[in-house]
J.: 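After the C-alpha cells below, expect a handful of questions from me.
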Amino acid sequence: MSLQVVWFKRDLRTYDHEALFRACRGGPVLCLYVIEPEYWALTDTSNRQWRFVRESLADLSQQLVDMGGRLQVVSGDVTDALIGLKQRHGVFTLHSHEETGNLWTYQRDLAVAAWCRREGCIWQEYAQNGVCRPVSRRRERFKAHWQRWAARPLFPVYEHAHFVDDHSGLEPTQWPENVCDEDDRCDGRQHGGRHAGLAILHDFLHRRGESYSGSISSPITAEASCSRLSPHIAYGTLSLREIVQRTQQAREHAASAKWSRSLAAFATRLEWHCYFMQKLEDRPDIEHNAVVPQMGALNRPCDRARFEAWQQGRTGWPLVDACMRYLHHHGWINFRMRAMLVSAAAWSLSLPGRPVAEWLARQFVDFEPGIHYPQIHMQSGTSAHTVLRIYNPVTQARNLDPDARFVREWVPELRNVSDAWIFEPWLMSANLRKQAGWTDEYGYPLPLVDFAQAHRQAKAEVAALRLAHGIQPDRPVRERASTKAPVRTGVKKPKKRAAKASGQLDLF
C-alpha cells in the first residue's frame, strides 16, 4: 500500500480527526507539520500565535507517540517538503482538513493542489467545521447544513495504526521559540494543547458556563464567563463538533433553566462561528476589499499619530484604552470590546480598515481569518449591514464598568480620578488634574477627536454613499444565520428581537 501523509495545519489533535483516521485506514502513515516562515512573516501573524501553536504541537506530538507514531516537523515551503517526501517514498496520498484561512494560505493550497496533480499524488481534504466548499454543493439552508454536520459521529483515535518515520525533520528542542521579529511577550495569554483545551471545556460546561448569558459583554465578567475556547477552536486542538456535542450533552443534564439557557446561547454562537467563516470561504477577497466595494470609498486616511495612539491605548477614552492594554497583555478580549476597539478606530478616528485589521489580528492569539475579516467589515461599516456599529465609549463604560474597576486596573493614570470624572477625564479642571497626580510629564491624554462631531460626519458619509450607489442594507445577522448564504429569504423575526441580536454578537 502507498504511503498516507497527514498534513496537519489548524487541526492539532488526534481525536475526531477525519484526515488522520482515514489515513490510518488507508495504509502506512507519516504525520507532517510544516513551519512556514513566509506565513509567519505576514502582517496578520505574530509570535504570540506561534507560541500557542508550538505548545499545541508538543501536545500533538505526545498524542501521536501514544498512538505509536511521530510528528515530523519541518521548516520551509510545504511544496518543497512534499517534494522531499516523494523522493524518499514515492507517490503518496495526502490527507488534510479544508482550511478557510487568509489569502496567503488560500494561494498556498492552490499551489499544493497543482503540485499533487502534476506528480500524480491524490489530495483528500475533509471538512472540520460547518463550512461548505463549494457553497453550491449545499442542498439546504445554512442552519440545516450546519446541524447535519454537527450531528455526525465523532472519529475515534485509530487503534493499531501503522506509522512511518523517515527520521527527518526537527526535534522539539529545535522548534523556534520565535518566528517573527517583533518583541511580543503577551504574558497573560492562554496556553496551547489539547489537554489545556479539554480542561477549559470541562470547566466551562460544569462550572463557569451558568453565567454565560448576561455576563459576556462586560470586560469584568467576560474573562470568566466566556468559554475561552476560541484559540483551541482556531488551531483545532479541540474539534468544533466535539464541543458542540458535549455542550448539548451538558445542556440535557443542566441543573437549572439558567444553565440550559446559557448553554443554548453558547451553542448558537458556535453555529454563528461557521456562518461567518462561510462568508470568507465564499469571498476570500474580503481580506483586502470591502464586502460592498462602494463602501471602500469612505474617507479614512491613515493618520499615523492617531493609529499609534489607538495601538498604545492612548486615545483619551478610558474604556477603549483599558481594553487595548488588556489585549496587549492577554492576547484576548471579549467580542463586544473587540467590536468597540474597531468602532473607535474606524468611526471615531477614521482609520482605514486594512491596517486596523492586520494589527488586531496580530494581537489575537485566537486569530481566525474566517471570523476576523467579516467582523472587521461588519463593525467598520464596509458591509451593507443595517446597523452602523458606532460605540459611544462613555456610554459603554457606564453600562459595562459602572464602578470603573476595569478602567482603573488597566489605566493606572486614572486610579486617583473620582467616579464623577473617571469616564470623561477631559472635563476635569486643572486643580482636579493636579489632585489626580498628573504633571506635564505624567498624565492622561485628551481625546484625539470630538466624538459627536466625528460620528455625525461618518454617518453622513455612509448615508451619502448608500444613496449614491443604491445600496440596500442587509438583514440582521440572526435572520440570515439560518438562510442559505448569500441569498436573502423571507424568514421573519420580531423587530425588537432582531434589533437586539444585531447589536452585539458575543461569539466566544
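Only this structure's heavy atoms are used, side chains among them; waters, hydrogens and symmetry mates stay out. On a predicted model such as this, the values are computed, not experimentally measured, just so you know.
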J.: Between Arg51 and Glu55, is there a salt bridge with N-O shorter than 4.0 Å?
T.: no
J.: Does the ring center of Trp410 lie less than 6.0 Å from the ring center of His329?
T.: yes
J.: Do Ser75 and Glu36 make a side-chain contact, defined as non-hydrogen atoms from C-beta onward lying under 4.5 Å apart?
T.: no
J.: Donor-acceptor check, side chain of Glu287 to backbone of Leu103, threshold 3.5 angstrom: yes or no?
T.: yes
J.: So how far is it from Phe307 CZ to Cys302 SG, rounded to the nearest 0.5 Å?
T.: 6.0 Å
J.: Is Glu18 paired with Arg152 through a side-chain N to carboxylate O contact shorter than 4.0 Å?
T.: yes
J.: Ring centres under 6.0 Å, that's the criterion: do His372 and Phe276 meet it?
T.: no
J.: Give me the one residue out of Trp149, Trp272, Tyr275 that meets ring pair (Phe, Tyr, Trp, His ring centres under 6.0 Å) with Phe142.
T.: Tyr275
J.: Does Trp115 reach the main-chain N or O of Leu110 with its side chain, forming a donor-acceptor pair under 3.5 Å?
T.: no
J.: Taking Trp50 for the side chain and Pro176 for the main chain, is one N or O donor matched with an acceptor at less than 3.5 Å?
T.: yes
J.: So, does His97 use its side chain to make a donor-acceptor pair with the main chain of Ala19 at under 3.5 Å?
T.: no
J.: Consider only side-chain N and O atoms of Thr237 and Arg13, and report whether a donor and an acceptor are under 3.5 Å apart.
T.: no
J.: Looking only at side chains, do His95 and Gln124 share a donor and an acceptor under 3.5 Å apart?
T.: no
J.: Are Phe406 and Tyr326 near enough that their ring centres are under 6.0 Å apart?
T.: yes
J.: Give a yes-or-no answer on whether the side chains of Arg362 and Asn47 include a donor-acceptor pair shorter than 3.5 Å.
T.: no
J.: Under a 3.5 Å threshold, yes or no: a donor from one side chain and an acceptor from the other, between Ser211 and Ser225?
T.: yes
J.: Hey, would you say the Phe8 and His17 ring centroids sit under 6.0 Å apart?
T.: yes
J.: Looking at Asp366 and Arg228, is any side-chain nitrogen of the basic one under 4.0 Å from a carboxylate oxygen of the acidic one?
T.: no
J.: Are Val6 and Ser96 side-chain neighbours, meaning at least one heavy-atom pair lies under 4.5 Å?
T.: no
J.: Do the charged groups of Glu171 and Arg70 touch, with an N to O distance under 4.0 Å?
T.: yes
J.: Looking at the rings of His206 and Trp259, which for Trp means the six-membered one, are their centres under 6.0 Å apart?
T.: no
J.: Would you confirm whether the ring centroid of Trp104 sits within less than 6.0 angstrom of the ring centroid of Tyr39?
T.: yes
J.: Tell me whether Arg208 contacts the main-chain N or O of Ser227 through its side chain, where contact means a donor paired with an acceptor under 3.5 Å.
T.: yes
J.: So, taking the atom named SG in Cys121 and the one named CG in Leu85, what distance separates them when rounded to the nearest 0.5 Å?
T.: 9.0 Å
J.: Donor-acceptor pair, distance only, cut-off 3.5 Å: does the side chain of Asn178 make one with the backbone of Cys180?
T.: no
J.: Any sub-3.5 Å donor-acceptor pair from Asn129's side-chain atoms to Cys274's backbone N or O?
T.: no
J.: Does the side chain of Leu170 come within less than 4.5 Å of Trp175's, by heavy atoms?
T.: yes
J.: Within this structure, what is the CG-OG1 distance for the pair Asn334 and Thr221, rounded to the nearest 0.5 Å?
T.: 7.5 Å
J.: Ring-plane angle category for His328 and Trp359, please: parallel below 30°, perpendicular beyond 60°, tilted otherwise.
T.: perpendicular
J.: Is it true that a side-chain atom of Arg10 and a backbone atom of Glu99 form a donor plus acceptor pair closer than 3.5 Å?
T.: no
J.: Less than 4.5 Å apart, any side-chain heavy atom of Val73 and any of Ile35?
T.: yes
J.: State, without any angle test, whether Asp11 and Tyr126 hold a side-chain donor-acceptor pair at a distance under 3.5 Å.
T.: no
J.: Can you tell me if Gln49 uses its side chain to pair, donor with acceptor, with the backbone of Ala361 under 3.5 Å?
T.: yes
J.: Please check if any side-chain donor atom of Thr100 sits under 3.5 Å from a side-chain acceptor atom of Glu281, or the reverse.
T.: yes
J.: Between the main-chain N or O of Trp146 and the side-chain N or O of Glu271, is there a donor-acceptor pair closer than 3.5 Å?
T.: no
